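Just so you know, these numbers come straight off a predicted model, no measurement behind them.
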Amino acid sequence: MPPSVPDPARRNERSHRAILEATVELVAELGYEQVSVEAIAKRAGVGKQTIYRWWPSKGAVALEALDDRLRTAPGGGSSGSWPDTGDIVEDLRVQMYGVSELFTSREVGPLYQGLIAAAQCDPALSRAHLDQLIEPASVACRARLALAKERGEIRADADVQTLIDMLWGALYYRLLLHTRPLDLAQIDLSLDIVFRGLRDA
């Protein structure tokens, strides 16, 4: 079992939920760097040793708390499902709107930014983030884009991973570098450029 995944057989579900909720609340209130495992334990009403028995680090707790939030969002987490309206642009728009709204939310935005920053100096956390969040969402997106190829909605020679990198990379660029605020208009413009190009009609 990966080190960042707690053993569900050994944990009390009520305490588990309390820890995840406390993590989200505290990061929203104080910022990721200001939150300690001790503070999470106190807010959750558990002992610090309970957290360390189930997770190896604050980052691992934050990762599961984030995944827990993303699971309910369109395409946001490992359990996110893609719509199939027959219009790939609109399906991408729905997914990207959902992710953008999460990134700008009071709860998920600070948690995700803090987690990604922490992962830069924690290889195990970085790998777990990719394996548990990024790759499952990418697999679902690639499947929808592959179907779009079969239907002739996009070019048969289109590299779907590059398309994913271009569209979602724009969201992460604003989220992490704070170049401009994330907004839905950015998504509309990105989709227009990708699918209609920059040439005059």
* Where Val24 and Ala65 come nearest, the two heavy atoms and their spacing -> CG2-CB, 3.9 Å
* Once you round to the nearest 0.5 Å, how far does OG1 of Thr104 lie from CD of Glu101? -> 6.5 Å
* **Nearest-0.5 Å distance, CG of residue Asp67 to NE2 of residue His129** => 9.5 Å
* **Flag, side chain of Ser126 to backbone of Pro123, donor-acceptor distance under 3.5 Å** => no
* To do: State whether the number of non-hydrogen atoms from other residues, nucleotides or ligands found under 6.0 Å of Arg151 atom CZ is greater than 12.
  => yes
* Asked: Is Leu189 reachable from Leu191 through a run of I, L, V, M, F, W or Y residues, each pair having side-chain heavy atoms under 4.5 Å apart?
  -> no
* Are the side chain of Gln120 and the backbone N or O of Ile116 linked by a donor-acceptor pair below 3.5 Å? -> yes
* Where do Ala170 and Gln186 come nearest, in terms of heavy atoms and distance? -> O-NE2, 3.1 Å
* Counting N and O atoms only, with roles assigned by atom type, does the side chain of Glu153 sit under 3.5 Å from a partner on the main chain of Ile88, one being a donor and the other an acceptor? -> yes
* To do: Apply side chain to side chain contact (heavy atoms under 4.5 Å, CB included) to the pair Val35 and Thr23, showing each step before the final yes or no.
  => CA-CA 8 Å; Val35 175; Thr23 302; 5.8 Å; no
* Criterion side-chain hydrogen bond (donor to acceptor under 3.5 Å, both in side chains) on Tyr112 and Tyr172, from CA distance to verdict -> CA-CA 10 Å; Tyr112 209 170; Tyr172 280 94; 3.0 Å; yes
* Asked: Short question: side chain of Ser138, backbone of Ile134 - any donor-acceptor pair under 3.5 Å?
  -> yes
* Return the minimal non-hydrogen interatomic distance between Tyr32 and Ala62, and the atom names on each side. => CE1-CB, 3.7 Å
* Has the side chain of Lys149 got a donor or acceptor atom that lies under 3.5 Å from a matching backbone atom of Ala158? -> yes
* **Spatial distance of atom OG1 (Thr50) from atom CG (Asn12) [nearest 0.5 Å]** => 9.0 Å
* Asked: Which atom pair, heavy atoms only, marks the closest approach of Gly47 to Ala41?
  -> C-CB, 4.0 Å
* State, with a plain yes or no, whether a side-chain heavy atom of Leu115 is found less than 4.5 Å away from one of Val27. => no
* Structure fact -> Closest non-hydrogen contact found for Leu184 with Tyr97 is CD2-CD1, 3.7 Å
* Salt-bridged, Arg69 to Glu21, with N to O below 4.0 Å? -> yes
* Kindly determine whether Trp55 and Ile19 satisfy side chain to side chain contact (heavy atoms under 4.5 Å, CB included), including the steps that lead there. => CA-CA 11 Å; Trp55 294 275; Ile19 291 166; 3.7 Å; yes
* Asked: CG/Leu145 to CD/Gln161 distance, rounded to the nearest 0.5 angstrom?
  -> 9.5 Å
* Structure fact -> Distance col, row Leu182:CG vs Leu175:CG, nearest 0.5 angstrom, shows 6.0 Å
* So how far is it from Gln95 CD to Glu90 CD, rounded to the nearest 0.5 Å? -> 12.0 Å
* Do Arg142 and Glu135 sit within salt-bridge range, that is, some charged N less than 4.0 Å from a carboxylate O? -> yes
* To do: Give the intermediate values and the outcome of salt bridge (Lys or Arg N to Asp or Glu O under 4.0 Å) for residues Glu29 and Arg43.
  => CA-CA 12 Å; Glu29 293 170 14; Arg43 175 69 64 90; 3.0 Å; yes
* **Heavy atoms of other groups near Tyr52 OH, more than 12 under 6.0 Å** => yes
* Asked: Yes or no on side chain to side chain contact (heavy atoms under 4.5 Å, CB included) for Gln113 and His178, after CA distance, side-chain angles and deciding distance?
  -> CA-CA 11 Å; Gln113 291 177 66; His178 308 286; 3.0 Å; yes
* **Asp91: partners by side-chain contact (heavy atoms from CB on, under 4.5 Å), with sequence neighbours left out** => Pro83, Asp84, Thr85, Arg144
* To do: Please name all residues satisfying side-chain hydrogen bond (donor to acceptor under 3.5 Å, both in side chains) with Arg155, sequence neighbours left out, ordered by chain then number.
  => Asp157
* Asked: What is the minimum heavy-atom distance between Ala60 and Leu125, and which atoms define it?
  -> N-CD1, 4.1 Å
* Between the main-chain N or O of Lys42 and the side-chain N or O of Lys48, is there a donor-acceptor pair closer than 3.5 Å? -> no
* Verify the cluster assignment for Leu102 and Tyr173: are they in a single hydrophobic cluster under the rule of side-chain heavy atoms below 4.5 Å apart? => no
* Linked hydrophobic residues, Leu147 as query - side chain contacts closer than 4.5 Å -> none
* Can Trp82 and Val94 be said to form a side chain to side chain contact (heavy atoms under 4.5 Å, CB included), step by step? -> CA-CA 9 Å; Trp82 275 73; Val94 167; over 6 Å; no
* Verify, without hydrogens or angle tests, whether Ser100 (side chain) and Met96 (backbone) share a donor-acceptor contact under 3.5 angstrom. => no
